[in-house]
Structure formats: structure tokens, C-alpha cells
Amino acid sequence: MKVDITYSCAGINWTTITAILKQVGMAHHAPDEHRKAFEASFTTVFAWNKGQLVGFGRAISDGVYQAAVYDVAVVPEFQGQGVGSAIMKHLLKTLPQCNVILYASPGKEGFYTTLSFKKMKTGMALFKNGAAMTERGFTD
Ligand SMILES: CC(C)(COP(=O)(O)OP(=O)(O)OC[C@H]1O[C@@H](n2cnc3c(N)ncnc32)[C@H](O)[C@@H]1OP(=O)(O)O)[C@@H](O)C(=O)NCCC(=O)NCCS
């Protein structure tokens with residue numbers, strides 16, 4: 001489906017960001033925490049259908065050769081229609097020279113495979129809530 005893409009954080013309703021992340025089962029924080037995280041990101045992408053926010057994603061980066069993607073989410077009714085893929089393509093377009101890493105939610109790896117991402121053999125993470133991340137299937 002065709003969505004309108006915007007990049008600016010201006011005018012975003014951060015309560016909606018929290019609500020969508022919660023709705024899709026991803027880590028979520030207080031609205032103002034998301035505002036800080038998105039505003040501090042190198043690229044933010046928001047996808048809209050008739051004025052409704054239907055998905056988003058963000059990348060942190062040095063803008064030169066390294067980047068990491070976070071918080072990619074699509075509202076359930078709009079999943080499976082190319083919205084996530086459009087968000088990722090717009091994010092990646094702003095990072096043409098960068099290696100890009102991310103960690104997929106368990107079960108979502110296939111989505112990133114369609115975008116040519118490969119599984120990392122030596123990825124390491126120091127999570128704040130390590131036990132919960134193990135419980136949720138992110139780490140051994
Ligand atoms: C994962 C997510 C972002 C994908 O967005 P989407 O809009 O549903 O995906 P798209 O319709 O753009 O799919 C693009 C391609 O990925 C594939 N794909 C999507 N989800 C997949 C999955 N879980 N496993 C395997 N392939 C998947 C689609 O079949 C499609 O393949 P195609 O190009 O060959 O047709 C979305 O489903 C979502 O928000 N899920 C809940 C939150 C989440 O887990 N986010 C990811 C955090 S890492």
C-alpha cells in the first residue's frame with residue numbers, strides 16, 4: 001500500500017508512539033522518553049495513511065560508516081502491506097555509506113532477510129534488563 005513518508009519529529013504525538021510500540025509487543029517507554037530518543041536519532045521515518053500514523057522507525061548513526069536501526073513498528077491492521085519495507089528503505093537511503101546493524105524481535109528475522117540483512121555470528125549485547133531479554137528470546 002502507498003503511504004506518505006515524513007522524516008521530521010515536529011508535531012509527532014509521542015503518546016501514539018508509546019501506544020503503537022505497546023500494541024505490537026515491543027519495548028516501550030513514557031512518551032517523553034521516546035521523544036528524546038527519536039529527536040536524538042540520525043534519521044527518523046514516519047509512515048502515514050490518510051493522516052493516520054501507521055508505522056515508524058529510526059536509526060542512530062555517526063553519519064559516516066556505522067548505523068543501528070531501532071523501533072521499527074507497523075500498526076497491526078497495516079502489517080503485511082509493504083509499510084515496514086517502505087520505512088526500512090527510506091531509513092537505509094539516508095545511510096548510503098554505512099554498515100547497518102539491528103536486532104530483530106524473535107520471529108521477525110525473515111522481514112530483515114527480505115531487505116538483504118544477514119544474521120551476525122558475533123553479535124554481542126549488554127542489555128539493561130538481561131534476564132528479561134533472555135526470557136524474551138533475544139539472548140542465550
Ligand atoms: C516486522 C514489521 C515491522 C514488518 O512490517 P510489515 O509492514 O508487516 O512488512 P512488509 O509488508 O513490508 O513485508 C516486507 C517483506 O517481509 C516479509 N515479512 C514480514 N514480516 C515477516 C516475518 N515476521 N517473517 C518473515 N517474513 C516477513 C513479507 O512477507 C514481505 O516479503 P516480500 O517482500 O517477499 O513480499 C511489522 O510486522 C511489525 O511492526 N511487527 C511488530 C513489531 C516488530 O516486531 N517490529 C520489528 C522489531 S525488530
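Everything numeric in this text was worked out from a predicted model, so none of it was measured. All residue numbers in this chain count up from 1 along the given sequence. Start at 1 and go down the list; that is how both ligands and their atoms are numbered. As a basis for the values below, the full set of heavy atoms in this structure was taken, side chains included, without hydrogen atoms, waters or symmetry mates.
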| query | Of the protein's non-hydrogen atoms, which lies at the shortest distance from atom 45 (N) of ligand 1, and what is that distance? | reply | Val72 O, 2.9 Å

| request: Could you tell me whether atom 33 (O) of ligand 1 has at least one protein heavy atom nearer than 4.0 Å? | output: no

| Shared hydrophobic cluster for Trp48 and Phe38 (ILVMFWY, side-chain gaps under 4.5 Å) | yes

| said: Using a plain distance cutoff, I'd like to know if Met26 has any nitrogen or oxygen under 3.5 Å from a nitrogen or oxygen of ligand 1. | reply: no

| Side chain, backbone, both or neither: which part of Tyr103 comes within less than 4.0 Å of ligand 1 when only heavy atoms are counted? | backbone

| request: Establish whether atom 29 (O) of ligand 1 and some protein heavy atom are separated by less than 4.0 angstrom. | output: no

| task | Indicate yes or no: does an N/O atom of Phe78 lie under 3.5 Å from an N/O atom of ligand 1? | result | no

| note | Here the atoms of ligand 1 under 4.0 Å from any heavy atom belonging to Ala104 are 48 (S)

| message | Geometry only, no angles: is Gly107 polar-contacting ligand 1 at N/O separations under 3.5 Å? | response | yes

| query | Which protein heavy atom lies closest to atom 39 (O) of ligand 1, and at what distance to 0.1 Å? | reply | Val74 N, 2.7 Å

| query | Where is the nearest protein heavy atom to atom 15 (C) of ligand 1: which residue, which atom, and how far? | reply | Thr114 OG1, 3.6 Å

| task | Would you mind checking which non-hydrogen protein atom is closest to atom 9 (O) of ligand 1, with the distance to 0.1 Å? | result | Phe111 CE1, 3.7 Å

| Residue, atom name and distance, where the atom is the protein heavy atom closest to atom 11 (O) of ligand 1 | Gly82 N, 2.8 Å

| message | Quick check: is Met133 connected to Val69 through a chain of hydrophobic side chains (ILVMFWY, heavy atoms under 4.5 Å apart)? | response | no

| remark: Min over Ser105, Ser85, Gly84 of heavy-atom distance to atom 47 (C) of ligand 1 lands on Ser105

| Element-labelled atoms of ligand 1 that are located less than 4.0 Å from some non-hydrogen atom of Val24 | 41 (C), 42 (C)

